[in-house]
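As structure tokens, the structure follows; a few thoughts come after it.
Sequence positions, counted from 1, serve as the residue numbers for this chain.
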Amino acid sequence: MKSLRQRRVTSSSSSTRLTTLDETAVLSDDDDVSARLLAEKEGQVTYDVDVIKEQQKRERDELKRVEIVEFFFIFLALLLAFYAFFFYDHLHFHVAHGYAHLGYSSAQHVVGQRLSSGRGVDQNHDKAMQWFKNAADQGHPEASYHLALGHIHGHKTGLKKGEVTNLLEHARKNDVDGAKVALELCAKNGCDL
């Protein structure tokens, strides 16, 4: 006699079935899901070979898709790491520029510095002064200092008479390096052009 663990394959007109020897009932393709679940609970399990193969194929296909997506994201991460390592100034400018548009005064100051020095972007003093003005209007002390210096150096800042001294005074009160010296020079030579 064969062991109960052995399986046999039977063929019917609708599909191939893999069944255990201890089954008392074989479910057809027409049976509903509840009948199949009941049969599984009672130990009367029917395995459809075609269904199992199809499910295994779908699982393999799903794994392939997951591997492709994983590869894409790993490649993207490596590309971003390469970009960040070799083009840090460019990346830093664009990240700060995004935050500057959101209204962060520190980011506006950084964008002004980058535009003024030409690090990571083409040098543009007029745009730099606009960003310094945006940050200074929010009370950023270093932006106030750089805006005042830009005005003293003759860049277009849109400042009125007396504003340069106020900006430098604000920077000095916040311990910005060079603000005290710039105020002393303004007192001697005048700052307003």
Side-chain angles (χ1 to χ4, degrees), residues 54-193:
E54 183 64 32
Q55 184 179 7
Q56 289 173 344
K57 183 178 182 282
R58 275 184 291 189
E59 288 173 359
R60 282 192 305 269
D61 290 345
E62 181 65 28
L63 283 175
K64 285 179 185 176
R65 276 188 242 122
V66 168
E67 288 174 353
I68 290 170
V69 169
E70 285 176 347
F71 176 78
F72 173 74
F73 281 113
I74 289 171
F75 178 75
L76 191 64
L78 290 174
L79 191 63
L80 182 61
F82 175 83
Y83 175 68
F85 183 76
F86 288 105
F87 301 101
Y88 172 78
D89 288 333
H90 191 260
L91 176 66
H92 185 259
F93 171 78
H94 287 289
V95 169
H97 196 250
Y99 280 104
H101 279 290
L102 293 174
Y104 291 93
S105 62
S106 296
Q108 291 170 341
H109 175 251
V110 168
V111 170
Q113 283 182 318
R114 296 290 176 150
L115 286 166
S116 180
S117 66
R119 285 184 55 204
V121 68
D122 293 333
Q123 191 173 30
N124 188 333
H125 290 291
D126 293 336
K127 284 185 180 179
M129 294 305 130
Q130 289 173 353
W131 284 110
F132 285 141
K133 179 131 178 63
N134 291 342
D137 288 345
Q138 295 184 46
H140 194 280
E142 291 180 20
S144 300
Y145 173 71
H146 285 105
L147 182 62
L149 286 184
H151 183 77
I152 292 169
H153 287 274
H155 300 295
K156 295 178 187 177
T157 59
L159 295 177
K160 295 177 180 137
K161 191 170 186 165
E163 284 186 90
V164 174
T165 308
N166 293 340
L167 289 170
L168 288 173
E169 186 62 37
H170 175 68
R172 186 192 60 78
K173 285 180 185 175
N174 289 286
D175 297 325
V176 174
D177 293 336
K180 185 177 180 181
V181 174
L183 262 173
E184 291 171 0
L185 289 174
C186 280
K188 290 180 187 175
N189 303 329
C191 291
D192 297 313
L193 300 175

For Thr157 against Gly150, the heavy-atom pair lying closest together: CG2-C, 4.1 Å
Walk me through whether Glu142 and Asn174 qualify under side-chain contact (heavy atoms from CB on, under 4.5 Å). CA-CA 9 Å; Glu142 291 180 20; Asn174 289 286; over 6 Å; no
List the residues meeting side-chain hydrogen bond (donor to acceptor under 3.5 Å, both in side chains) with Asn166, not counting sequence neighbours, and say none if there are none. none
Looking at residues at least two apart in the chain, or sitting in another chain, which of them share a ring-ring contact (aromatic ring centres under 6.0 Å, His included) with His109? Phe132, His140, His146
Can you list, pair by pair, the side-chain donor-acceptor contacts under 3.5 Å of residues 60-67, counting residues two or more places apart and other chains?
{"from": "Glu62", "atom 1": "OE1", "to": "Arg65", "atom 2": "NH1", "distance (Å)": "2.7"}

Sorted by chain and residue number, the side-chain hydrogen bond (donor to acceptor under 3.5 Å, both in side chains) partners of Glu184 (sequence neighbours excluded) come out as none
Nearest non-hydrogen partners of Tyr145 and Ala171, listed with the distance: CB-CB, 3.8 Å
Residue pairs, two or more places apart or on separate chains, that pass side-chain hydrogen bond (donor to acceptor under 3.5 Å, both in side chains) and touch residues 94-104: His90-His94, His97-His101
To the nearest 0.5 angstrom, please state how far the OG atom of Ser144 sits from the CD atom of Glu169. 11.5 Å
Contacts of type salt bridge (Lys or Arg N to Asp or Glu O under 4.0 Å), residue Asp137, not counting sequence neighbours: Lys133
Just to verify, what does Glu54 make a side-chain hydrogen bond (donor to acceptor under 3.5 Å, both in side chains) with, not counting sequence neighbours? none
If I compare all heavy atoms of Val110 with all of His92, which pair ends up nearest, and what's the gap? CG1-CE1, 3.4 Å
Residue list, ring-ring contact (aromatic ring centres under 6.0 Å, His included) with Phe71, at least two apart or on another chain: none
With sequence neighbours left out, what residues match Phe72 under ring-ring contact (aromatic ring centres under 6.0 Å, His included)? none
Pairwise disulfide (SG to SG under 2.5 Å) hits with a residue in residues 119-187, at least two apart: Cys186-Cys191
Ignoring hydrogens and angles, tell me if any N or O in the side chain of Ser117 forms a donor-acceptor pair with the backbone of Gln113 under 3.5 Å. yes
Sorted by chain and number, sequence neighbours left out, side-chain hydrogen bond (donor to acceptor under 3.5 Å, both in side chains) with Gln123 holds for His125
NZ of Lys127 to CG of Asp122: how many Å apart, nearest 0.5 Å? 9.0 Å
Counting only heavy atoms not in Asn189, do more than 12 fall under 6.0 Å of its CG? yes
dist Glu163:CD -> Leu168:CG (nearest 0.5 Å) comes out at 12.0 Å
Which heavy-atom pair separates Ala84 from Leu91 by the least distance, and what is that distance? CB-CD2, 3.6 Å
Decide if atom OH of Tyr88 counts as having more than 12 heavy atoms of other residues, nucleotides or ligands within a radius under 6.0 Å. no
Run the numbers on Phe75 and Leu78 for side-chain contact (heavy atoms from CB on, under 4.5 Å), then give the verdict. CA-CA 5 Å; Phe75 178 75; Leu78 290 174; 5.7 Å; no
Say you draw a straight line from CG of Asn134 to CD of Gln108; how long is it, rounded to the nearest 0.5 Å? 5.0 Å
Heavy-atom closest pair (Leu167 atom, Ala136 atom, distance to 0.1 Å) is CD2-CB, 4.3 Å
Heavy-atom closest pair, residues Met129 and Leu147: O-CD1, 3.7 Å
Considering residues at least two apart in sequence or located in another chain, which fulfil the salt bridge (Lys or Arg N to Asp or Glu O under 4.0 Å) criterion with Lys188? none
